[in-house]
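Step one of this worksheet: look at the structure below.
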Amino acid sequence: MRRAHCKFVLVLAAFGLLISCDGGTPRGSATPEAAQQFAELRQEVEILTAADFMAEYNPEELQQTVQNFVQTADAKYISPTGKYSILHIACMLKKPELARCLLLDGADPNAFTIIENSPAESPLLCALTADYSPDTPAETINALIDVLVAGGASLATPGSVETSLTYNACLTCAHEAVYAHLLDIGVPRSGNELQEAAYRGWLGTLKRLLEEKGGLTTEHHSLITIVAHMSGGYFPGEHLACARYLLEQGVPVNATDEAGRTALFCLAAGYSTLEEYGRKEAALELLTFLLQQGADPHLRADHDETYPGFSAYDLMAQDSTIMEHLRTSGIALTAPPLIIRGGEMLAADVCRAGLTQSSAETIAPYFDTIARLFTPTAEMSRQEIYPDALRSAVILLANVDAERTSALIASLPIWKDREALIEHNHTVMAILYAMQDTPSIILPKELLLQAAEILMENKAHENAAITTELLGRCADSDEALAGLLEDSRLPIRAGAWGALLYKAGLPSACNGSVAAWLANQGRRADSPVLQKALLLTSIEDLWYGNMESAQIEEFISLVNELGAERAATAYRNIADNLSNPDKLDEIMQTNDEWSYELEIATARFMLNNKEEFLRPSVSPTDAP
């Protein structure tokens with residue numbers, strides 16, 4: 001049977017497939033293999049369009065395009081909105097023989113889809129995308145590429161680098177052999193091929209490209225940071241071998257990228273995100289190798305957006321897994337000296353000092369320098385890390401001199417100027433959050449009362465509640481608090497009850513507070529009262545689906561029992577919609593009074609049972 005331009009009627013009854021047949025006049029170019037691939041395609045489209053990631057690709061239109069071909073055998077048909085053709089779908093699902101026959105029947109190899117919020121895709125780009133058909137062997141994809149090129153597909157793609165064939169093969173194709181095949185057939189180069197090979201850990205391609213360029217030059221030194229960045233990431237590859245090869249070719253082990261990040265820094269910065277990929281061992285192996293090759297863990301990445309001014313050591317020291325692995329590997333690291341610089345690096349250095357929990361003795365010489373964060377320049381206040389730096393500054397300075405730090409905070413003009421208090425809301429929030437973690441900071445009663453009123457007027461409810469709760473640290477606040485315990489404004493009332501908890505030496509009524517208090521006291525929830533208080537302050541467990549059904553019912557029943565009916569209704573809605581993010585967002589955007597209602601009810605419960613909190617813990621050996 002002739003396979004090219006053979007006209008015949010082909011019926012594959014098992015799948016109800018009809019290619020050709022119109023009043024006895026044969027039409028269409030097909031082969032039994034193409035018919036079989038189309039039958040597979042029809043089944044696979046049903047599965048594909050049901051996938052969550054396909055929702056934005058108009059799956060109904062994909063199905064309609066397939067159905068149109070079943071009815072008309074028109075290979076030239078383009079869907080009205082997404083501009084899909086049956087050729088696009090054949091390429092998505094990696095059907096080379098079907099694609100060849102469609103091209104013979106006039107399918108356009110250079111037609112682009114139009115998908116809102118997504119790049120346009122030609123049949124060639126569809127052929128490279130693994131999402132649609134992730135287990136396809138490289139040989140099949142290469143055969144499909146050859147079919148498309150022979151049928152007139154252009155190797156050039158319009159637009160930016162992100163639409164280039166090599167870029168898409170790097171990001172979406174599982175096979176180095178496909179990438180190499182694109183290079184073999186002369187795909188136009190984007191200029192980023194070396195970076196793409198390093199990104200995927202494709203050692204053979206990396207060597208080939210460097211040889212084509214006549215060897216490695218200084219402009220290629222940053223490739224090692226790309227290798228390191230992706231060594232434990234989503235894509236498996238020969239990243240360790242690539243790093244070893246680059247070092248052998250003369251790349252310095254401490255080479256940096258444009259942000260001043262070394263390969264070691266990139267590994268340390270990304271390590272905490274690798275759990276979901278299950279590739280932490282690969283990252284640890286490369287990290288150890290780099291240190292053995294002389295990588296300096298103390299070099300700072302001053303221009304990194306997430307950890308400016310941090311060193312690789314600062315990040316590694318926060319992860320016990322890394323430090324234990326290095327210890328067992330015989331690698332001993334020492335902490336770099338603390339440096340607090342002024343100017344644009346001040347916020348970064350203070351963040352670093354806070355993260356590494358620098359001692360009071362170490363911080364004391366820098367007290368005045370760190371204090372400049374409270375009166376920032378316009379440039380400093382615009383830094384993304386400024387709120388975190390300010391929070392760290394409060395804690396660090398309080399450890400040096402709590403009284404001086406309290407006076408410094410109280411003297412800030414934001415407390416006295418109504419407009420400034422609102423304008424600098426993020427600054428206020430950072431200071432308040434830091435003060436929650438720093439009991440030694442005490443502000444004047446009058447300042448706190450005035451600030452709480454202004455914050456309430458401007459609907460900054462959470463800040464108002466925290467500010468009111470800080471009254472618990474003021475020795476002269478009893479009378480003021482007595483008048484706020486029944487305030488009609490629930491955030492103020494919740495803050496007042498929180499202040500009473502503080503004065504009584506009890507944990508706050510907020511999420512996670514009882515668990516933290518028990519841990520700090522070295523105690524267990526060894527009584528029904530403590531167990532109930534622990535449950536009432538375990539909101540995050542409910543929110544993230546970590547509460548068993550029985551616990552949820554117990555929690556909601558307890559909230560009702562305490563008289564917080566609105567809170568019980570709200571948390572019932574949350575529990576019933578844990579798998580519906582849109583509904584959860586809708587619930588959280590409603591009036592937040594129910595959350596304060598629960599805090600007040602929990603605070604009353606804890607105060608009514610404070611003896612259970614304050615009694616000595618019963619150890620297992622003391623129990624009868």
Side-chain angles (χ1 to χ4, degrees), residues 406 409-410 412 414-439 441-514 536-537 539 559 562-571 588-608 610:
S406 298
I409 295 173
L412 296 177
I414 57 174
W415 305 111
K416 302 175 179 63
D417 186 323
R418 181 179 300 267
E419 292 183 3
L421 190 60
I422 304 308
E423 180 183 351
H424 299 285
N425 180 57
H426 293 299
T427 298
V428 172
M429 185 179 296
I431 292 174
L432 290 176
Y433 283 176
M435 288 179 64
Q436 282 186 302
D437 298 330
T438 317
I441 299 292
I442 302 172
L443 300 186
K445 175 190 66 177
E446 292 77 12
L447 181 152
L448 294 171
L449 288 169
Q450 179 181 331
E453 288 296 326
I454 296 173
L455 291 166
M456 275 304 300
E457 289 174 12
N458 288 274
K459 296 183 170 39
H461 292 170
E462 184 177 0
N463 286 354
I466 295 172
T467 303
T468 305
E469 187 173 333
L470 292 174
L471 287 166
R473 303 178 186 180
C474 303
D476 59 348
S477 63
D478 291 354
E479 184 177 345
L481 286 173
L484 298 176
L485 291 175
E486 298 301 327
D487 195 286
S488 61
R489 299 162 299 176
L490 286 183
I492 295 294
R493 196 192 308 176
W497 281 97
L500 289 191
L501 289 172
Y502 182 87
K503 284 179 174 285
L506 302 180
S508 80
C510 297
N511 175 65
S513 58
V514 173
L536 288 166
T537 55
I539 308 301
V559 174
L562 295 180
E565 296 178 359
R566 284 181 295 181
T569 300
Y571 286 111
M588 295 308 294
Q589 287 170 6
T590 60
N591 192 309
D592 60 356
E593 289 195 346
W594 46 268
S595 62
Y596 294 112
E597 183 185 70
L598 177 58
E599 286 185 25
I600 294 166
T602 302
R604 283 175 167 157
F605 172 79
M606 291 164 65
L607 286 164
N608 288 337
K610 66 180 180 181

I'd like to check the side-chain contact (heavy atoms from CB on, under 4.5 Å) partners of Asp478; sequence neighbours left out, ordered by chain and number.
Lys503
Which atoms form the tightest heavy-atom contact between Leu448 and Leu443, and what is the distance?
CD1-O, 3.8 Å
Non-hydrogen atoms of Ala567 and Val559 that approach each other most closely
CB-CG1, 3.9 Å
What distance separates Ser595 OG from Asn511 CG, expressed to the nearest 0.5 Å?
11.5 Å
If I compare all heavy atoms of Ala564 with all of Ala601, which pair ends up nearest, and what's the gap?
CB-CB, 4.1 Å
Less than 4.5 Å apart, any side-chain heavy atom of Leu490 and any of Arg566?
yes
Return the CG to CD distance between Leu536 and Glu599, rounded to the nearest 0.5 Å.
11.5 Å
Quick check: does any side chain N or O of Trp415 sit under 3.5 Å from a backbone N or O of Ile409, one acting as donor and the other as acceptor?
yes
Minimal heavy-atom distance between Ser513 and Thr537, with the atoms involved, is OG-CG2, 3.9 Å
Does Pro439 have any side-chain contact (heavy atoms from CB on, under 4.5 Å) partners at least two apart in sequence or in another chain, and if so, which?
Tyr502
Just so I know, are the side chains of Ile441 and Arg473 near enough to count as touching, which here means a heavy-atom distance under 4.5 Å?
yes
Strictly by salt bridge (charged side-chain N to carboxylate O under 4.0 Å, His left out), give each pair with a member in residues 463-472 just once, sequence neighbours left out.
none
What's the spacing between Asp437 CG and Leu432 CG if we round to 0.5 Å?
11.5 Å
Contacts of Thr427 that satisfy side-chain contact (heavy atoms from CB on, under 4.5 Å) - sequence neighbours left out
Tyr386, Leu390, Ile414, His424, Ile431
In a table with atom names and distances, give each donor-acceptor pair under 3.5 Å that connects a side chain of residues 480-487 to protein atoms at least two apart or in another chain.
unit_1 : atom_1 : unit_2 : atom_2 : d
Glu486 : OE2    : Arg604 : NH2    : 3.0
Asp487 : OD1    : Arg489 : N      : 2.8
Asp487 : OD1    : Arg489 : NE     : 2.9
Asp487 : OD2    : Arg489 : NH2    : 3.1

Check this for me: Lys610, atom NZ, are more than 12 non-hydrogen atoms of other residues, nucleotides or ligands nearer than 6.0 Å?
no
Do Thr467 and Val428 come within less than 4.5 Å of each other through their side chains, counting heavy atoms only?
no
Between the side chain of Ser406 and the main-chain N/O of Ile442, is any donor-acceptor distance below 3.5 Å?
yes
When rounded to the nearest 0.5 angstrom, what distance separates CD1 in Ile492 from CG in Leu455?
8.0 Å
Determine which pairs satisfy salt bridge (charged side-chain N to carboxylate O under 4.0 Å, His left out) with at least one residue from residues 455-464, sequence neighbours left out, and list them in order.
Arg418-Glu457
Taking the side chain as every heavy atom from C-beta outward, state whether Thr602 and Val514 have any atom pair closer than 4.5 Å.
no
To the nearest 0.5 angstrom, please state how far the CG atom of Leu471 sits from the CD atom of Glu446.
9.5 Å
Distance-minimising heavy-atom pair for Ile600 and Ala494:
CG1-CA, 3.6 Å
Closest approach of Ala464 to Ala452 (non-hydrogen atoms, all atoms of both residues):
CB-O, 3.8 Å
